[in-house]
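Encoded as structure tokens, the structure appears first; notes follow it.
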Amino acid sequence: MSFIIYPAIDIRGGKCVRLFQGDYGQETVYADSPLAMAKRWVEQGASWVHLVDLDGAKEGLPANAALIKEIARSISVPVQVGGGIRTEEQIADYLEAGVARVIVGTAAIEDEPFTKRILQNYGDKIAIGLDCRNGLVATRGWLTTTDVQATELAKRLVTYGAETFIYTDIARDGTMTGPNVEEIAALAIATGKSVIASGGVSQLDDLLTLAVHASDGVSGAIVGKALYTDAFTLEEALQRMEGRESHAG
């Protein structure tokens, strides 16, 4: 099974930024133009781009939608988008603008009838974002931690038609301490669906450790800070993945 690397572009105030552990007070600006950054990742070989509307995640409605739609129209690879998407109209708006996959997080946890409906209507164009702290799901831009176990919620959502989950370990996001491989693989095995890892990737070996579990359903990794701080380049990561797949084949 192939393993996709998703370069992350987190947008706040129209700029490309990274937060430390989801803390809006600990922000680093990496580029003034998210569109230029998206084009750069595509030039370097990205097969997907991951976009997050950080303002939207905090405010509960898309805040950088016009910019995100421009990126979706302007680059030659599919994009997935998350952040503040809590209505069916917002989902339809993004999909009609050329976004390939929409990530629903808070709404998926707080409004299950809504989640059931959008999964029935849009199927694999929806990814469920599970942002977790100690195995429990957090919502509203990570500002609130629930008592919902991620694996139990995911299994329930599979019965509604969920095909793709994005698992973020908040404690590791932006820290470059390594992804929570055990939890991510366990979620993929428990659900039998595709799980994309997010948070903590700091070195190429982290990607290879995740990719070992591709046959379990760990289908990719979202990489942000490691690329922006030049821990490794996207080209290096893609070459290592190709080497792994040819060796495995």
Side-chain angles (χ1 to χ4, degrees), residues 6-38 41 48-75 78-112 114-115 117-119 121-122 125-133 137-146 164-170 173-174 196 198-199 222-225 228:
Y6 296 81
I9 299 176
D10 291 1
I11 302 170
R12 188 177 183 202
K15 296 183 177 181
C16 174
V17 308
R18 295 296 291 166
L19 303 183
F20 181 79
Q21 293 188 337
D23 183 347
Y24 284 78
Q26 297 189 63
E27 173 191 271
T28 304
V29 177
Y30 285 114
D32 286 335
S33 170
L35 175 58
M37 185 61 70
W41 293 137
W48 275 80
V49 172
H50 174 82
L51 302 173
V52 179
D53 182 347
L54 286 175
D55 298 302
K58 193 174 183 182
E59 294 164 18
L61 73 169
N64 292 285
L67 177 56
I68 286 166
K69 291 177 195 174
E70 184 185 5
I71 293 170
R73 285 192 300 266
S74 301
I75 64 174
V79 302
Q80 62 183 19
V81 176
I85 300 164
R86 301 194 188 155
T87 71
E88 195 164 348
E89 290 75 20
Q90 291 162 353
I91 292 166
D93 188 45
Y94 272 136
L95 293 175
E96 285 165 12
V99 169
R101 189 188 291 146
V102 173
I103 304 157
V104 179
T106 294
I109 290 96
E110 295 183 350
D111 186 351
E112 284 195 31
F114 164 77
T115 308
R117 189 170 69 249
I118 62 170
L119 287 169
N121 290 346
Y122 301 105
K125 290 182 170 21
I126 302 292
I128 304 295
L130 298 175
D131 300 333
C132 302
R133 197 180 268 117
V137 176
T139 61
R140 301 195 174 274
W142 301 355
L143 303 173
T144 307
T145 304
T146 69
T164 304
F165 295 94
I166 296 175
Y167 184 98
T168 302
D169 189 316
I170 296 168
D173 188 71
I196 300 166
S198 177
I222 295 161
V223 186
K225 190 174 181 181
Y228 289 104

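The figures here come from the full heavy-atom set of this structure, side chains too, leaving out hydrogens, waters and symmetry mates.
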Arg101/Ile166 under side-chain contact (heavy atoms from CB on, under 4.5 Å): CA gap, chis, key distance, verdict: CA-CA 12 Å; Arg101 189 188 291 146; Ile166 296 175; 5.7 Å; no
Starting from the C-alpha separation in whole Å, work towards a yes-or-no answer on side-chain contact (heavy atoms from CB on, under 4.5 Å) for Tyr228 and Thr28. CA-CA 10 Å; Tyr228 289 104; Thr28 304; over 6 Å; no
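Side-chain contact check for Arg12 versus Tyr24: some heavy-atom pair is nearer than 4.5 Å. By the 4.5 Å heavy-atom criterion applied to side chains, Val102 and Tyr122 are not counted as neighbours.
Remark: Trp41 CH2 to Ile71 CD1 distance equals 13.0 Å, nearest 0.5 Å. To the nearest 0.5 angstrom, Asp23 atom CG is 11.5 Å from Ile170 atom CD1. Summarising the geometry, atom CG belonging to Leu130 is positioned 8.5 Å from atom OH belonging to Tyr167; distances are rounded to the nearest 0.5 Å. If you take OG1 on Thr164 and CD on Gln80, they are separated by 8.5 Å, rounding to the nearest 0.5 Å. With values rounded to the nearest 0.5 angstrom, Glu96 atom CD is found 10.5 Å from Glu89 atom CD. Remark: Ile103 CD1 to Leu51 CG distance equals 8.5 Å, nearest 0.5 Å.
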Could you go through residues 59-70 and list every donor-acceptor pair under 3.5 Å that involves a side-chain atom there, pairing it with any protein atom two or more places apart or in another chain?
| from | atom 1 | to | atom 2 | distance (Å) |
| --- | --- | --- | --- | --- |
| Asn64 | OD1 | Gly14 | N | 3.4 |
| Asn64 | ND2 | Asp53 | OD1 | 2.9 |
| Asn64 | ND2 | Asp55 | OD2 | 2.9 |
| Lys69 | NZ | Asp93 | OD1 | 3.3 |
| Lys69 | NZ | Asp93 | OD2 | 2.6 |

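Side chain of Arg18 to main chain of Ala8: no donor-acceptor pair is present (N/O by atom type, distance under 3.5 Å, no hydrogens or angles). With Tyr30 contributing its side chain and Asp10 its backbone, the two residues share no donor-acceptor pair below 3.5 Å.
Taking every heavy atom of both residues into account, Gln90 and Gly84 meet most closely at OE1-O, 3.4 Å. Minimum interatomic distance between Leu95 and Ala100 (heavy atoms only, all atoms of both residues): CD2-O, 4.1 Å. The minimum heavy-atom distance between Ala108 and Thr115, with the atom names listed, is CA-OG1, 3.0 Å. When all heavy atoms of Ala31 and Lys15 are compared, the pair lying nearest together is O-CB, 3.6 Å. Of all the heavy atoms in Asp32 and Pro34, the pair that sits closest is O-CD, 3.5 Å. Nearest heavy-atom pair, Ala97 versus Ala72, reported as atom, atom and distance to 0.1 Å: O-CB, 4.2 Å.
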